[in-house]
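Atoms within a ligand are numbered from 1 in the order they appear, just like the ligands themselves. Predicted model, so just to flag it, every value in this text is computed and none were measured.
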Amino acid sequence: MTITLQDCRERDAQDPLRALRDHFTLPAGQIYLDGNSLGVAPTAAAARVAQVVQQEWAQDLITSWNKAGWVDLPLRLGNQFAPWLGAHADEVVFTDTTSINLFKVLTAAARIAAEDGPARRKLLTERSNFPTDLYIAESICAQHGLQLVLLEPEEILHALDDDAAILLLTHVNYRTGAMHDMAKITAAAHARRILCVWDLCHSAGAVPIDLHAADADFAVGCGYKYLNGGPGAPAFVWAHPRVVNRCAQPLAGWFGHAAPFQFTPHYTPAEGIRRYLCGTQPILSLSALQCGLDVFSASEALGGMEALRAKSLALTDLFIALVESRCAGHGLELATPRAHEKRGSQVCLARAEGLGVNGVGSGAYAIVQALIARGVIGDFRQGDGGVGVHKDILRFGFTPLYVGFEDVWNAVEHLRQVLETGEWHEPRFHQRNAVT
Ligand SMILES: *Cc1c(COP(=O)(O)O)cnc(C)c1O
């Protein structure tokens with residue numbers, strides 16, 4: 001059955017989550033399909049940050065650490081978001097960046113693994129993991145005498161052996177949108193006594209997560225993608241209660257101390273996840289992030305994650321169906337799994353080398369630039385020259401909090417026009433920017 005623009009409009013009219021869009025400031029004339037890279041601004045954020053600057057900072061100054069609750073903000077936000085991760089109270093803090101939190105938890109995992117099984121020498125991860133995860137893992141291996149093993153997704157379960165100490169995986173792959181079965185992989189790893197670290201950057205706020213049900217050991221994730229916390233928003237970190245107090249994390253700063261304001265000369269880590277804090281926290285950034293988390297809290301009355309996931313799958317299903325029916329014959333291949341249980345909240349289209357202008361390159365970068373010029377904001381991820389995913393990728397993120405069904409129709413219609421007119425051949429769409 002052919003899908004029409006009218007069908008899409010009707011689906012928006014019937015969408016129980018439609019009202020959530022009003023919590024955000026969306027730039028006029030744009031269809032924003034990049035919320036998996038930088039989430040949009042919650043409308044409340046500007047006033048909230050202004051209040052923190054003008055009142056809490058400018059007027060109340062140092063008293064705000066107590067009076068405005070600044071000192072507890074990382075844990076308070078952690079508690080607010082914990083249910084969305086399947087975590088319990090006082091198990092999550094928002095702090096630092098994903099890269100830094102990854103360094104902390106991987107170091108802790110390496111120390112725990114060395115205590116439990118000194119003969120284990122391998123840190124396993126996925127070859128197509130996000131580069132910062134690979135770089136931090138490399139650095140951890142160099143410091144702890146571990147060997148980094150890079151796997152293809154289908155090799156992971158077979159690679160879980162008695163030499164492996166740690167398995168580090170990103171739940172939803174940033175480049176393909178493919179999602180791992182967290183519970184199944186964690187159980188298989190635990191059967192071989194391997195610690196599991198999950199990176200939730202592309203899944204937190206986008207797909208259902210239950211860290212306790214999956215019995216994960218550690219998790220980290222991003223505040224500025226699906227959580228809409230603002231550019232460089234603090235990230236989160238979680239550790240299972242059975243491992244959280246087993247060792248101090250390596251960045252032993254005073255905010256992770258058991259009693260920071262006793263100013264003792266020696267470090268004693270706080271009990272629980274607070275030990276994962278390091279130094280003084282960025283209150284302006286945490287305040288903006290809170291506005292992003294508040295929208296998730298508001299969505300609970302409308303069905304919460306179950307409703308968000310249902311809409312996310314409906315949006316990505318619709319996008320796939322429309323691209324396949326309306327943009328056929330232009331060399332785009334679906335790089336994201338069709339099976340719902342294997343898909344995050346984004347759709348990636350691959351384009352092979354040789355399809356670019358005069359047979360050079362894939363043309364994917366220029367197609368994305370032409371879409372951006374039309375107000376359809378997706379992004380481009382380069383094929384990685386022989387490792388992991390080989391082809392260039394056009395990437396489209398669908399955030400159910402604010403993307404609608406008509407948006408999907410219009411985005412595909414622009415894509416169809418860009419391909420059919422060949423406007424992406426124009427030289428202006430081929431100039432590379434630093435951030436793609
Ligand atoms: C976005 C992302 C990061 C970002 O890390 P930063 O420290 O915030 O730069 C890390 N890992 C994954 C998997 C990501 O998707």
Geometric cation-pi criterion, Arg351 with Trp424: 6.0 Å, 45°:
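Geometry flag: set, cation within 6.0 Å and 45°.
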Numbering as shown, the atoms of ligand 1 that approach [X] to under 4.0 Å (heavy-atom distance):
| X | answer |
| --- | --- |
| Thr132 | 5 (O), 10 (C), 11 (N) |
| Thr97 | 7 (O) |
| Asp133 | 10 (C), 11 (N), 12 (C), 13 (C) |
| Asp199 | 11 (N), 12 (C), 13 (C) |
| His202 | 15 (O) |

Per-residue contact class, Thr170 against ligand 1 - non-hydrogen pairs under 4.0 Å
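Side chain only; the backbone of Thr170 stays clear of ligand 1.
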Where does Ser99 meet ligand 1, judged by heavy-atom distances below 4.0 Å: at the side chain, the backbone, both, or neither?
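Both the backbone and the side chain of Ser99 come within reach of ligand 1.
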So, do Asn129 and Leu169 sit near enough that their side-chain heavy atoms are less than 4.5 Å apart?
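Of all side-chain heavy-atom pairs linking Leu169 with Asn129, none is under 4.5 Å.
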His202 and Tyr174 aromatic ring geometry - parallel, tilted or perpendicular at 30°/60° bounds:
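Plane angle between 30° and 60°, so tilted.
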Name the orientation class of the two ring planes belonging to Phe319 and Phe396 (parallel below 30°, tilted from 30 to 60°, perpendicular beyond 60°).
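Tilted.
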Presence of salt bridge, [Y] and [X], under 4.0 angstrom:
| X | Y | answer |
| --- | --- | --- |
| Arg193 | Asp162 | no |
| Arg192 | Asp161 | no |
| Asp317 | Arg338 | no |

Atom 5 (O) of ligand 1: nearest protein contact (heavy atom, Å):
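Of every protein heavy atom, Thr98 CB, 3.5 Å lies nearest to atom 5 (O) of ligand 1.
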Check: Lys225 N/O within less than 3.5 Å of ligand 1 N/O
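Between Lys225 and ligand 1 (N or O atoms, distance only) the closest approach is under 3.5 Å.
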Does an N or O anywhere in Tyr224 fall below 3.5 Å from an N or O of ligand 1?
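Indeed, backbone or side chain, Tyr224 has an N or O that close.
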